[in-house]
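Quick note on labels: first sequence line is chain A, next is B, and so on, each numbered from 1.
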There are 4 protein chains.
Amino acid sequence: MNFSENQSIYIQITDYVKDQILLSNWLKEEKIPSVRDLASELQVNPNTVMRAYDILQQEGVIYNKRGIGNHVTSDAPAKILEARKEKFLQSELPAFFKNMLLLGLGIGELEVLYTHFLNEHPKK
Amino acid sequence: MNFSENQSIYIQITDYVKDQILLSNWLKEEKIPSVRDLASELQVNPNTVMRAYDILQQEGVIYNKRGIGNHVTSDAPAKILEARKEKFLQSELPAFFKNMLLLGLGIGELEVLYTHFLNEHPKK
Amino acid sequence: MNFSENQSIYIQITDYVKDQILLSNWLKEEKIPSVRDLASELQVNPNTVMRAYDILQQEGVIYNKRGIGNHVTSDAPAKILEARKEKFLQSELPAFFKNMLLLGLGIGELEVLYTHFLNEHPKK
Amino acid sequence: MNFSENQSIYIQITDYVKDQILLSNWLKEEKIPSVRDLASELQVNPNTVMRAYDILQQEGVIYNKRGIGNHVTSDAPAKILEARKEKFLQSELPAFFKNMLLLGLGIGELEVLYTHFLNEHPKK
DNA sequence: GTGGTCTAGACCACC
DNA sequence: GTGGTCTAGACCACA
């Protein structure tokens, strides 16, 4: 995995885990990779993975069974999706609209660009 | 002004200055607020404003008349617009469309949200 | 049984066993559940129960008859009660009183709360 | 400061900070010691103090002014007191009453012990 | 084997 | 000066 320079690694790891869950690669109530395993897979220090797991636990996305490992909570996918939606509507959308105004882009032009985008990124 | 937690303050200040120029609040060849004045207005350390002005100078958005102050360059609005457009098309737009897909949002719903936004942010 | 997050499970198991003895659910010289049985009943790893039994043996609360199983010692209730009393008076009581002061709780209010508690936890 | 063996150091540091606030040694909106300063004062690694400060930030007890340092929030004392009260009523009180029952201690005897305690710990 | 804690030390962005 | 991130490595409790 290649990490972006703009964001701290542990945040990118939380996003990575959430993606795996949303993509159903890691299922509800199933064990996820141990701290050490994921660390060696992603080529980072175990402490960094630990920090990501800490955050995910606080967010209720994973939980720990002592001595056994971390597991996906049953409502993890819903929570993740909800949080992303919230963030999109609250912060990304207004910023996007503001940019449209500044750049003089109307909803009509946007639609053209969107159609373009869909053609280049067809559903699998 | 309220600063976001996610970005460094000096970057937000450069954006603020650029916004003022794009909105024609600060005109070409006109003097902009001194480092000290803007610092006290925005409630930040003068060094922070200084750093923002440094960057704006490097980008050719403002220039310094010794002993007088900083001024907007004559091609500032064009430059800023160009850069914003570039960034918008290259990185923001694809990410935005990707999120629309993820959240199952169509161009129709987007139009409704946009109309809403326009009503809440009428042009002066 | 629901285990607290704040304490290790094997400690909670020793407390559980001691409670059973104090409540006369498990009598002197009687056989107590085997490691496996208690483990499956409490939904924990047998090693964890084993560790708890080890400690209880060292404390002289239970003893092992080879090939037969663990039994409550004849002086177990007295020992447990003595230890609890000691701990209660030495550490819990002062901390409790200190908290009462901090929260401005008097002996009168405490009595009300205690009556409440008794109503919700009637003796069998 | 002497740390207990039973609890992780960073938790004890959060309690230490809360105590300072409750005792009005550190006032609302005032700067608290920097990570490095407190670390050297308490003879621990800066990372350990950092972890404590992280938690306190999440709890809304302190907040960070970038490049300047951490400060006590204005509602910190109320929050801390509220949390301690909650914990006392929810977990300490029931455990305490349960012990009273097991040890055959009535409210009358408790009152005697409390009077005793008050005599030994007079208000300053 | 699992996670959790702590240290030492480096480097960085920011003010 | 401030906090924040990351690494390397040790040690421990727990299952």
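In this structure, D:Q12 contributes its side chain and D:Q7 its backbone to a donor-acceptor pair below 3.5 Å. At distances below 3.5 Å, not a single donor-acceptor pair connects side-chain atoms of C:S8 with backbone N or O atoms of C:Y10.
Residues C:H71 and C:K65 meet the side-chain proximity criterion, which asks for heavy atoms closer than 4.5 Å.
Summarising the geometry, the separation between CG on A:N70 and C1' on F:dA15 is reported as 15 Å, rounded to the nearest angstrom. For the pair D:F3 CZ and E:dT5 P, the interatomic distance rounds to 15 Å; values are reported in whole Å. Following rounding to the nearest Å, A:N64 (CG) and F:dA13 (C1') show an atom-to-atom distance of 13 Å. Remark: P of F:dT2 and CD of D:E30 are 16 Å apart, rounded to the nearest angstrom. The CG-P distance, from A:D54 to E:dC6, rounds to 13 Å in whole Å. Summarising the geometry, the separation between CG on D:N6 and P on F:dC12 is reported as 16 Å, rounded to the nearest angstrom. Atom CD in C:E5 sits roughly 11 Å away from atom P in F:dA15 (whole-Å rounding). For the pair C:Q43 CD and F:dA15 P, the interatomic distance rounds to 15 Å; values are reported in whole Å.
Between B:R51 atom CZ and B:T48 atom OG1 the span is 8.5 Å, to the nearest 0.5 Å. The CD atom of C:E5 lies 5.5 Å from the CZ atom of A:R66; values are rounded to the nearest 0.5 Å.
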## Note on the structure
Protein-proximity profile, nucleotides 8-15 of chain E, B/S/- by nucleotide at the 4.0 Å heavy-atom cutoff, equals BB----SS
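In this structure, B:F96 and A:F96 have parallel ring planes: the angle between them is below the 30° cut-off, well short of the 60° mark.
Across all strands shown, the partner of E:dC6 is F:dG9, judged by Watson-Crick or G-U wobble contacts whose two distances both fall under 3.5 Å. Base pairing of F:dC14 is made with E:dG1, judged by Watson-Crick or G-U wobble geometry with both donor-acceptor distances under 3.5 Å.
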